[in-house]
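What follows is a set of notes on a single structure, which appears directly below.
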Amino acid sequence: MESDSSNNQGRFVAWMSRPISAFVVDLFRIAVGVLVSVYYVRFFLEFSDYTSETGFLDHTLHRHLFWFTKLTLLYPGCPDLYKWGLLALGFLGTLSLLVGWRPKLGAAVSWIVVVSFQRWNFAVINVDDSSITLLLWWMLFLPIGHCLTVSTRDWKEETRWQVDGFFVRAFFANLFIYYLIAGLSKLASPLWREGLALGVVLKLPLARTSGWWDLQDLPLLWLGNHFTLIAEPLFPFMLILPRGHWLKFLGAAAQIGFHLAIPVTIGVPYANITLILALILVFHSELAGVARRLAGAHDSILLDWSPPSGTRALIAVYLTVLTLTGTKGIPGIGGVNEPAMAALYFGGVAQEYHLFDWIDRYNWYVKHRITVEPEGKDESVVEPARLFPGTVRGFIVQSYLMPVRWMRVPRPLTGEMRNSILRRSAERFVRQNRDLLGLSGQVQVVTTVARVSRDNLELDKTWRVETMTFTYGPSGVVDFLYPRMPEGKTL
């Protein structure tokens, strides 16, 4: 029996390890390097809003809320110059991955830096961030660095090279789990089943096209809603279609259209570009054939490469734990969901594949009216984007002020989290809008809130909430008139 089991295991590993084009794997490496480089640029651009000590987030409180965020290269009080240096180091690692100079070392450095900054800013991370982590994690295992590097002298010769395909097919398993859970989890959502979810998502402030849609667009949005329900769980089955099959090309076209529509209308570009880039590996046979025809190459050469000892077992454990994160709600085993997710977070490889299946819980519409009254001048109304960025991260920051928590915050500290964001957003607003505010005066923020539901698609039922009122002076925020602490002290 043991011999049969060992033989079956050997046959499975041999099947998984069938040769694959090294040239195509490194094409994927280059594409990943470009995407992660752009992601680092966003880190630099958003530095003052989230990473800096003067941004929206109280990082000391943050470490109390989410214990595992202490496992990072950053610490409260560390100077901005140190943080900039770490980001620069991570960016250099990404460039090393991109050009193919010690690419695995570059990927490891970049991954460690990305995980550190994601934990530092954990309260506002989203599926974009987890997708970049996912790509860098797989760069540590995929057989990269053989082709299209700084040492390349003849790319045509490299199109002939093949390498062990075990980790490429393990990556396919990751994609299969990702899509299957993302697709099937939507079936538990009443709004998705009723065909209203897409319309509701596009009404939310995080959508780039918020305000563009009304009731007459519902039939079109209903079609898009049901296309998502049908197509998303089917996308991973492209992985088992034979080379050149027409359904594979049809699926790729649908997948590209699907993943381009999301960043155009809603945002989260990195997650969607990640899944488009994965098609490079999904079509490895087709792309290898094209490359070899262009190069005029015929026979193949199998490179003498084997994965480091233990890495296959590590990936098997990773995929098992990843599968267990999708068991929520399944009788008998649903309880392992949270420990499995905690293990991935602890290891720096957590994934978020619940793409908009949360819409029934987080279908909140918020619109701020900011009234500024500088001393000695008439009051004026300013754009809400001056207070909160019009991005997904900006929406997440606002969620901590509303009846929704994007990240689960321990109940005794929910008020402290809310108060810290109120105070920090007010201080940021004053700091960045001195030309508008003058030396002193008062600011009031009143928020229109609505629950976007089947009965309120036109947002007829709303209510107004006073979010904050504060005074400011030459040194910044002076006093919060609303809200105040129970004992009457300002925040």
Which distance, rounded to the nearest 0.5 Å, do you find between the [atom1] of [X] and the [atom2] of [Y]?
X	Y	atom1	atom2	result
H59	T69	NE2	OG1	9.5 Å
F249	E286	CZ	CD	5.0 Å
S131	L136	OG	CG	11.0 Å
S425	H368	OG	NE2	8.5 Å
S116	W111	OG	CH2	9.5 Å

Quick one: do R193 and D360 make a salt bridge, cutoff under 4.0 Å? no
Looking at D49 and R428, is any side-chain nitrogen of the basic one under 4.0 Å from a carboxylate oxygen of the acidic one?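 The answer is yes: the pair qualifies as a salt bridge.
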Could you check whether any side-chain N or O of [X] sits under 3.5 Å from a backbone N or O of [Y], counting only pairs where one atom can act as donor and the other as acceptor?
X	Y	value
R369	V446	no
S110	G106	no
R119	Y345	yes
H62	D58	no
D129	N126	yes
T94	G90	yes
R208	P263	yes
K248	V282	yes
R451	N456	no
T447	V449	no

Do [X] and [Y] get their side chains close enough for a donor-acceptor pair, meaning under 3.5 Å?
X	Y	value
D128	Y39	no
N121	T51	yes
S17	R312	yes

Considering residues, nucleotides and ligands other than F44, do more than 12 of their heavy atoms fall under 6.0 Å from its CZ?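 Counting neighbours around CZ of F44, more than 12 heavy atoms of other residues, nucleotides or ligands fall under 6.0 Å, so yes.
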Counting only heavy atoms not in K104, do more than 12 sit closer than 6.0 Å to its NZ atom?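 Counting neighbours around NZ of K104, more than 12 heavy atoms of other residues, nucleotides or ligands fall under 6.0 Å, so yes.
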Under the ring pair (Phe, Tyr, Trp, His ring centres under 6.0 Å) criterion, do Y318 and F141 qualify, and how do the steps go? CA-CA 12 Å; Y318 161 73; F141 297 93; 8.0 Å; no
Whether K203 engages the ring of Y365 as a cation-pi pair (distance to the six-membered ring centre under 6.0 angstrom, angle to the ring normal within 45°) should be assessed. no
For F122 and F68, I'd like to know if the aromatic rings sit close, meaning centre-to-centre distance below 6.0 Å.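 Between F68 and F122, which both carry aromatic rings, the centre distance is below 6.0 Å.
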Does the ring pair (Phe, Tyr, Trp, His ring centres under 6.0 Å) test come out yes or no for Y179 and H259, once each step is laid out? CA-CA 12 Å; Y179 271 118; H259 286 300; 5.8 Å; yes
side-chain contact (heavy atoms from CB on, under 4.5 Å) partner of F56, the single match among S420, P389, S48: P389
Of L281, D26, V32, the residue whose pairing with L142 passes side-chain contact (heavy atoms from CB on, under 4.5 Å):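 Exactly one candidate clears the test, L281.
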Steps toward side-chain contact (heavy atoms from CB on, under 4.5 Å) verdict (L247, F237): CA-CA 10 Å; L247 278 176; F237 290 96; over 6 Å; no
Residue pair P103 / R29: nearest heavy atoms and the distance that separates them: CB-CD, 4.1 Å
Looking at every non-hydrogen atom in both residues, tell me the closest pair between Q118 and T133 and how far apart they are. OE1-OG1, 2.8 Å
